[in-house]
Amino acid sequence: MAGVAALAALALAGAVAAGPHEDALAPDYPAHMTQAQSDYVEHCGGCHGIRGIAAPADLPTLKDRVGWFLCLPEGRSYLVRLPNISRSRIDDNAQLADLLNFMLFGLGGRSVPAGARPFTAAEVARERASPFTSVSLVETRRVLVERLVRQCGAPASLRLMYPAQTAAR
Ligand code: HEC
């Protein structure tokens, strides 16, 4: 039944997220998606786009950008503690690690720093135990991205939600 659910999710994600930059069915997904791919499409693609691009919606672009967060320990922690990730309906930590690794090493593509390690179930379990609740995500991201730009050589546009967003916000 997973295939049916994935197809339904694909149709949904396509309807919700297909913007000017996306086709409803991304040709870079294989006909039989991996569990991690269909989990991403079902749980994340509706907001972030099935290819990791939701612009011009006010959502962070993941494609070719999200990998930068792997550069610093605080960045790895940030990724897992985000509310939509730490509180995901996927309660199996290995399954969530696989989803994150698909997002990072698949969609994140060339933004992944050399030598970056994939997430393990143990790391996901540890970070997930302290989800971001009261902190300002905007401020947390701002401080973190500043370090990614200065220390890791991330592009200045990472300060924005997506590259073409106007800086006035
Ligand atoms: C309801 C819409 C929604 C869903 C579903 C969602 N996200 Fe997000 N995501 C956001 C928003 C909005 C932000 C901006 C920060 C915040 O408010 O959490 C964000 C931030 C992020 C970031 C930080 C990127 C950056 O540049 O700072 C990552 C990574 C991310 N989401 C991954 C995921 C993954 C993986 C899933 C699925 C498990 C997911 N999101 C599900 C809306 C969503």
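In listed order, ligands and their atoms are each counted from 1. FYI, side chains are in, hydrogens and waters are out, and symmetry mates aren't considered; it's all heavy atoms of this structure.
Using a 4.0 Å cut-off to heavy atoms of His43, the atoms of ligand 1 that qualify are 5 (C), 37 (C), 41 (C). Of all atoms in ligand 1, numbered sequentially from 1 with element shown, those under 4.0 Å from a heavy atom of Tyr78 are 23 (C), 25 (C), 27 (O). Counting the atoms of ligand 1 from 1 in the order shown, those under 4.0 Å from a heavy atom of Val66 are 29 (C). Atoms of ligand 1 lying under 4.0 Å from any heavy atom of Leu79, numbered from 1 in the order shown and given with element: 29 (C). Ligand-side atoms of ligand 1 in range of Phe69: 25 (C), 26 (O), 27 (O), range being under 4.0 angstrom from any heavy atom.
Here Leu99 has side-chain heavy atoms under 4.0 Å from ligand 1, and that is the only part of it that gets that close. With a 4.0 Å heavy-atom cut-off, ligand 1 is reached by no atom of Tyr40. Neither the backbone nor the side chain of Met161 has a heavy atom within less than 4.0 Å of ligand 1. If you look at Asp58 next to ligand 1, there are no close heavy atoms at all, none under 4.0 Å. Contacts with ligand 1 closer than 4.0 Å are made by side-chain heavy atoms of Leu62 only, the backbone lying farther away.
The protein non-hydrogen atom at the shortest distance from atom 26 (O) of ligand 1 is Arg141 NH2, 2.8 Å. Nearest protein heavy-atom contact of atom 17 (O) of ligand 1 is Leu137 CD1, 3.6 Å.
Using a distance-only test at 3.5 Å, with no hydrogens or angles considered, a donor-acceptor pair links the side chain of Arg128 to the main chain of Ser88. Not a single donor-acceptor pair under 3.5 Å links the side chain of Tyr29 to the backbone N or O of Val41. Judged by distance alone, the side chain of Arg81 and the main-chain N or O of Glu127 form no donor-acceptor pair under 3.5 Å. Side-chain atoms of Arg89 do not come within 3.5 Å of backbone N or O of His43 as any donor-acceptor pair.
Contact of the Leu99 side chain with the Ile85 side chain is not registered, since no non-hydrogen atoms from C-beta on lie closer than 4.5 Å. Inter-residue side-chain proximity for Leu137 and Leu82 is flagged as met; some heavy-atom pair is nearer than 4.5 Å. Considering only heavy atoms from C-beta on, Met33 stays 4.5 Å or farther from Tyr40 through its side chain.
A heavy-atom separation below 4.0 Å is not found between Phe132 and ligand 1.
By the criterion of side-chain heavy atoms lying less than 4.5 angstrom apart, applied directly or through intervening Ile, Leu, Val, Met, Phe, Trp or Tyr residues, Val135 is grouped together with Val80 in one hydrophobic cluster. One hydrophobic cluster holds both Tyr78 and Val149 under the rule that ILVMFWY side chains link at heavy-atom gaps under 4.5 Å. Both Leu107 and Phe105 belong to a single network of hydrophobic side chains, linked directly or stepwise wherever heavy atoms of I, L, V, M, F, W or Y lie under 4.5 Å apart.
Protein nitrogen, oxygen and sulfur atoms, that is N, O or S, within less than 2.8 Å of atom 8 (Fe) of ligand 1 amount to 1.
Arg87 pairs by the side-chain contact (heavy atoms from CB on, under 4.5 Å) definition with Pro131, Thr133, not counting sequence neighbours.
Smallest separation of non-hydrogen atoms from Ala121 and Ala97: N-CB, 4.1 Å.
There is no side-chain donor-acceptor pair under 3.5 Å between Gln35 and Asp98.
Of the N or O atoms in Thr61, none lie within a sub-3.5 Å distance of an N or O in ligand 1.
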